[in-house]
Student: 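Following this message is one structure expressed as structure tokens.
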Amino acid sequence: MLLVDWLIVLAYLVATLALGAYLAQRASGSLEDFFVSGRTLPWWLAGTSMAATTFSIDTPLYISGVVGTRGIAGNWEWWAFAFSHVALIYVFARLWRRSEVVTDAEVIELRYGGRPAAILRATKAFLFAVPINCIGIGYITLATVKVVGALGIWETLGFGPGEQIWGLDPQLLTVVGIGVLVLVYAGFSGLWGVVATDFFQFFLGMIGALLVAWYALRSPEVGGLSGLVTQAQAVTDFDVLAFVPLVWDGEAWFGLAWSTFAGITASTFVAYVGLQWWTFRRSDGGGEFVQRLAAARDEREAVRAAWLFNVMHYVVRTWPWVLVALAALVLYPEMEDPELGYPTLMVDFLPTGVLGLVVASLLAAFMSTVSTQINWGASYLTNDLYLRFWRPEATNAAQVRAGRVASVFIMAIGGTAAFIADDVATIFRLVLAIGTGPGVVLILRWFWWRINAWAELAAMVAGFFIGLFTSVVPLLQIGDFGLRLVVITGLTAAVWLTVMYLTAPETEETLEAFVRKVRPGGPGWARQRARLGIAPAQALVRSLQQAVAALLLLFGLMFGTGALLLLKWNTAIAMLLVALTGAYLLHRWRGSAERPVSPARSARGTGP
């Protein structure tokens, strides 16, 4: 990097820190101001922030590694979450907004009651804020260290490769430096600082990704889109360009058969599409997304924010990363670590000035995600532990101070986690594994009165430890990731179902308070709604119909765009028809209000 590149990066950093300092006063009023922006976020800002949160510096490295080792179809590891993200639009966004919580852990004592609810809330707050969240921060920070090394940033400052800097390890200095940088605005300006910078960071990150793709494709070695398609397949021994690992076969069931050249196993693909999205710990949209939805002005704004996130996340962002990953395969077929393809392309092909802009975009991607992780983890420690169990009488000023201290703690633990790993994709799979299992309970708690606090606690703890043991304990490790997810889900289900039926349900008082507040749909609350004379705020069947139509629209647009870029004309036409079908069905099924149902009719045929 030359002086011009450094000046561009410096200008970005100064602007980011200035914005964080400006918004610090706005976040100092109360805990709601600090963690949910006073519930005044417009939908376009909340949705863009949700998209920026899932776009970090590790993402292009992760996708380069996935495409390089498993092909485009390997991206179903994260594409499969589109099922739950679309359900978030039509099923869960309104529920979360009506709950008016600060964190998803807070909804626990709205849905459950007594000592079990308090134990569950405390356990979830600690488990999600510290081990799970900090592992996530760790692999994102690891990706940053990799990029710094690949770009030779310390070398451009006059230090030799592997040389200690002021007597300290370069990796340690990198982690400390970026940690302090993020804390200055994320830890002190609260959610307003996070989402405001997210808005600019998202578009800067996208510009950076598009620039890398443009310069890689126009290089003579790649030869544009047509050269990329031809050469990428030639340098791999599996079907690197397939969107799904299936082929047409007239003799197979339903005319489809498993591709013998697939880059992923059949069990893994089936687990991605049929299991992972509803058994993962964010199956109902929980986590940092809840902060954005709870911060939206109203339910309609929350739904719009969720839609914008899905379009940005799946349709807009997927293909620049995939194109760069394919170009890295062509240009560096012998690269030992395919995750380094992205930063290596930057160094080799980007001119001065453009390189500085793209480095700033990667820094923006890192900061947008880690700032969210810090703010989200700190919200658990402050709202669900400090305020709930330690100092419930704390003043607003004391609560905000606690939030800032918690932010520093979260970043320190997360930065430490970066030193215990060397592979982003492996740690990402560990995060998936330890979060698998409780998802079905998190969905059912909104729609079935019989789910109790002990069942959710059992699912969360069992899923965490079964996922951990089957991932890292040598005697218990399951190498095939799809099979691992099946085992985790099955064993966790056996645990929580047993616990649920061995323990008492929640009291009628607790259940009815939840129904009054959230007004959930579906038959699982018919008895409570009948007793209270309350109609559901949305029709579950209609919401599910809309979700199916939205999936057709979303996947049609995503794969149609990819097919056009990869010159698959027949696939592009087919996906366009799929998208049009989804759009037509959404228009036909527009509206979410359920036809008023009398309490007597709601209760008919429903047992206790």
Student: Please enumerate all residues that pass side chain to side chain contact (heavy atoms under 4.5 Å, CB included) together with Arg300, with sequence neighbours excluded.
Tutor: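 If we apply the side chain to side chain contact (heavy atoms under 4.5 Å, CB included) test to Arg300, skipping adjacent residues, the hits are Asp298, Arg304.
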
Student: List the residues meeting side chain to side chain contact (heavy atoms under 4.5 Å, CB included) with Leu483, not counting sequence neighbours, and say none if there are none.
Tutor: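 Testing Leu483 for side chain to side chain contact (heavy atoms under 4.5 Å, CB included), a comparison that skips the adjacent residues, returns Ile478, Asp480, Val487.
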
Student: Looking only at non-hydrogen atoms, find the nearest pair between Val495 and Ala458 and report the distance.
Tutor: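 Minimum heavy-atom contact is CG1-CB, 4.0 Å.
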
Student: Give, for atom CZ of Phe280 and atom CG of Leu432, the distance between the pair rounded to the nearest 0.5 Å.
Tutor: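 Rounded to the nearest 0.5 Å, the CZ-CG separation comes to 5.5 Å.
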
Student: Could you list the residues that satisfy side chain to side chain contact (heavy atoms under 4.5 Å, CB included) with Phe389, not counting sequence neighbours?
Tutor: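 Listed in chain order: Ala118, Ala122, Leu385.
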
Student: Out of the candidates Leu468, Ile466, Ile488, Leu127, only one should pair with Ile434 under the side-chain contact (heavy atoms from CB on, under 4.5 Å) rule; please name it.
Tutor: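 That would be Leu468.
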
Student: Given side chains that start at C-beta, do those of Trp96 and Val107 come closer than 4.5 Å, heavy atoms only?
Tutor: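 They are in contact (side-chain heavy atoms under 4.5 Å apart), so the answer is yes.
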
Student: Would you call the rings of Trp319 and Trp79 parallel, tilted or perpendicular, where under 30° means parallel and over 60° means perpendicular?
Tutor: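 Rings of Trp319 and Trp79: tilted, as their planes differ by 30° to 60°.
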
Student: Closer than 3.5 angstrom, by distance alone: can the side chain of Trp278 be matched with the main-chain N or O of Gly274 as a donor-acceptor pair?
Tutor: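 Here the side-chain-to-backbone pair exists.
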
Student: Is a side-chain N or O of Ser49 found less than 3.5 angstrom from the main chain of Ala46, in a donor-acceptor match?
Tutor: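 No; judged by distance alone, with no hydrogens or angles, the pair does not exist.
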
Student: List the steps and the verdict of side chain to side chain contact (heavy atoms under 4.5 Å, CB included) for Met206 and Phe202.
Tutor: CA-CA 6 Å; Met206 282 310 306; Phe202 175 81; 3.8 Å; yes

Student: Val486 vs Ser267, test: side chain to side chain contact (heavy atoms under 4.5 Å, CB included). Steps then yes/no.
Tutor: CA-CA 9 Å; Val486 171; Ser267 60; over 6 Å; no

Student: Among residues at least two apart in sequence or on other chains, which ones pass side chain to side chain contact (heavy atoms under 4.5 Å, CB included) with Ala563?
Tutor: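 Per chain and number, Ala563 pairs via side chain to side chain contact (heavy atoms under 4.5 Å, CB included) with Phe243, Lys568, Thr571, Ala572.
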
Student: Applying side-chain hydrogen bond (donor to acceptor under 3.5 Å, both in side chains), can you list everything that pairs with Asn310, at least two apart in sequence or on another chain?
Tutor: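 Asn310 satisfies side-chain hydrogen bond (donor to acceptor under 3.5 Å, both in side chains) with no residue once adjacent residues are dropped.
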
Student: Taking salt bridge (charged side-chain N to carboxylate O under 4.0 Å, His left out) as the criterion, tell me which of Glu109, Glu106, Glu393 meets it with Arg388.
Tutor: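 The passing option is Glu109.
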
Student: Taking the inter-plane angle between the rings of Phe92 and Phe447 on a 0 to 90° scale, is it parallel (under 30°), tilted (30 to 60°) or perpendicular (over 60°)?
Tutor: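 The rings of Phe92 and Phe447 sit tilted, inter-plane angle from 30° to 60°.
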
Student: Going by side-chain hydrogen bond (donor to acceptor under 3.5 Å, both in side chains), name the residues that satisfy it together with Trp307, two or more places apart in sequence or in a different chain.
Tutor: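 Trp307 satisfies side-chain hydrogen bond (donor to acceptor under 3.5 Å, both in side chains) with Tyr90 once adjacent residues are dropped.
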
Student: For the backbone of Gly467 and the side chain of Arg484, can you confirm whether one donor and one acceptor N or O come within less than 3.5 Å of each other?
Tutor: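 No, Arg484 side chain to Gly467 backbone: no donor-acceptor pair under 3.5 Å.
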
Student: At what distance, to the nearest 0.5 angstrom, does OG1 of Thr510 lie from CG of Asn452?
Tutor: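 With rounding to 0.5 Å, OG1 (Thr510) is 11.5 Å from CG (Asn452).
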
Student: Using the side chain to side chain contact (heavy atoms under 4.5 Å, CB included) rule, take Trp78 and Thr318 through it: C-alpha gap first, then chi angles, then the decisive distance, then the call.
Tutor: CA-CA 10 Å; Trp78 64 279; Thr318 293; 3.3 Å; yes

Student: Can you measure from CD (Gln545) to CG (Leu540) and round to the nearest 0.5 angstrom?
Tutor: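 Reported to 0.5 Å precision, the distance equals 10.0 Å.
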
Student: For the atom pair CG (Leu444) and CD (Glu456), what is the distance rounded to the nearest 0.5 Å?
Tutor: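 The CG atom of Leu444 sits 11.0 Å away from the CD atom of Glu456.
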
Student: Mind listing the closest non-hydrogen atom pair of Val86 and Leu554 along with its distance?
Tutor: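 It is CG2-CD2, 3.8 Å.
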
Student: To check you understand the geometry: which heavy-atom pair defines the closest contact between Ser283 and Ser84, and what is its length?
Tutor: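 Looks like O-CB, 3.8 Å.
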
Student: To the nearest 0.5 Å, what is the distance between CG (Asp284) and CG (Leu95)?
Tutor: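 Result: 9.0 Å between the selected atoms.
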
Student: Would Thr436 and Arg281 count as having a side-chain donor-acceptor pair, cut-off 3.5 Å?
Tutor: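 No - no donor-acceptor pair under 3.5 Å links their side chains.
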
Student: Mind checking ring-ring contact (aromatic ring centres under 6.0 Å, His included) for Phe83 and listing every partner two or more places apart, or none if nothing turns up?
Tutor: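 Once residues adjacent in sequence are excluded, the partners of Phe83 under the ring-ring contact (aromatic ring centres under 6.0 Å, His included) criterion are Trp277, Phe555.
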
Student: Could you go step by step and tell me if Arg98 and Gln538 meet the side chain to side chain donor-acceptor pair (under 3.5 Å) rule?
Tutor: CA-CA 12 Å; Arg98 285 197 296 274; Gln538 62 194 94; 3.2 Å; yes

Student: Is there a donor-acceptor pair under 3.5 Å between the side chain of Arg450 and the backbone N or O of Glu506?
Tutor: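 It does not hold such a pair.
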
Student: For residues 511-518, run the donor-acceptor check on the side chains, cut-off 3.5 Å, and write out each pair with its distance to 0.1 Å, sequence neighbours left out.
Tutor:
| from | atom 1 | to | atom 2 | distance (Å) |
| --- | --- | --- | --- | --- |
| Glu512 | OE2 | Arg531 | NH1 | 3.0 |
| Lys517 | NZ | Glu100 | OE1 | 2.7 |

Student: If you count the non-hydrogen atoms of other residues, nucleotides and ligands that lie under 6.0 Å from CZ in Phe203, is the total more than 12?
Tutor: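 Yes.
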
Student: Would a distance-only check, ignoring hydrogens and angles, find a side-chain to backbone donor-acceptor pair under 3.5 Å from Asp384 to Leu381?
Tutor: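 Side chain of Asp384 to backbone of Leu381: no pair is present.
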
Student: Filter on salt bridge (charged side-chain N to carboxylate O under 4.0 Å, His left out), then keep only pairs touching residues 74-91, sequence neighbours left out; what's left?
Tutor: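 Salt bridge (charged side-chain N to carboxylate O under 4.0 Å, His left out) check on residues 74-91 returns Arg70-Glu77, Glu77-Arg429.
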
Student: Once you round to the nearest 0.5 Å, how far does CE of Met575 lie from CG of Leu580?
Tutor: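 Met575 CE to Leu580 CG: 11.5 Å, rounded to 0.5 Å.
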
Student: Going by the angle between their ring planes, with limits at 30° and 60°, are Phe559 and Trp76 parallel, tilted or perpendicular?
Tutor: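 Judged by the thresholds at 30° and 60°, the geometry between Phe559 and Trp76 is tilted.
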
Student: Would you list the pairs meeting side chain to side chain donor-acceptor pair (under 3.5 Å) in which at least one residue belongs to residues 488-500, sequence neighbours left out?
Tutor: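 Counting only pairs at least two positions apart or across chains, the side chain to side chain donor-acceptor pair (under 3.5 Å) contacts touching residues 488-500 are Thr279-Thr489.
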
Student: Please list, chain by chain and in numerical order, all residues satisfying ring-ring contact (aromatic ring centres under 6.0 Å, His included) with Phe309, sequence neighbours excluded.
Tutor: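 Phe309 satisfies ring-ring contact (aromatic ring centres under 6.0 Å, His included) with His85, Phe289, His313 only.
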
Student: Any idea which heavy atoms bring Leu110 and Ser99 closest together, and the distance?
Tutor: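 Looking at all heavy atoms of both residues, the shortest contact is CD2-CB, 4.0 Å.
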
Student: Give the C-alpha distance, both sets of side-chain angles, the deciding distance and a yes or no for side chain to side chain donor-acceptor pair (under 3.5 Å) between Arg317 and Thr59.
Tutor: CA-CA 10 Å; Arg317 283 201 320 220; Thr59 314; over 6 Å; no

Student: Closest approach of Ile410 and Cys134, non-hydrogen atoms and distance?
Tutor: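 Heavy atoms only, the tightest pair is O-SG, 3.7 Å.
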
Student: Does Trp525 reach the main-chain N or O of Trp446 with its side chain, forming a donor-acceptor pair under 3.5 Å?
Tutor: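 The answer is yes, because a donor-acceptor pair under 3.5 Å joins these two groups.
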
Student: Can you sort out the partners of Trp44 under ring-ring contact (aromatic ring centres under 6.0 Å, His included), two or more places apart, ordered by chain and number?
Tutor: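 Phe199.
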
Student: Do the side chains of Met50 and Leu308 get nearer than 4.5 Å, heavy atoms only?
Tutor: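 Heavy-atom side-chain distance check fails, nothing below 4.5 Å.
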
Student: Side-chain contact, heavy-atom cut-off 4.5 Å: Val499 with Trp454?
Tutor: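 With C-beta onward as the side chain, the pair touches.
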
Student: Run the side chain to side chain contact (heavy atoms under 4.5 Å, CB included) test on Leu457 and Arg121 for me, step by step, so that the C-alpha distance in whole Å, both residues' side-chain angles and the decisive distance to 0.1 Å come before the verdict.
Tutor: CA-CA 9 Å; Leu457 179 62; Arg121 183 174 178 180; over 6 Å; no

Student: Does the cation-pi check pass for Arg391 over Tyr386, that is, NZ or CZ under 6.0 Å from the six-membered ring centre and within 45° of its axis?
Tutor: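 Output no; distance or angle outside limits.
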
Student: List the atom of Phe126, the atom of Pro131, and the distance in Å for their closest heavy-atom pair.
Tutor: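 Of all heavy-atom pairs spanning Phe126 and Pro131, the closest is O-CD, 3.3 Å.
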
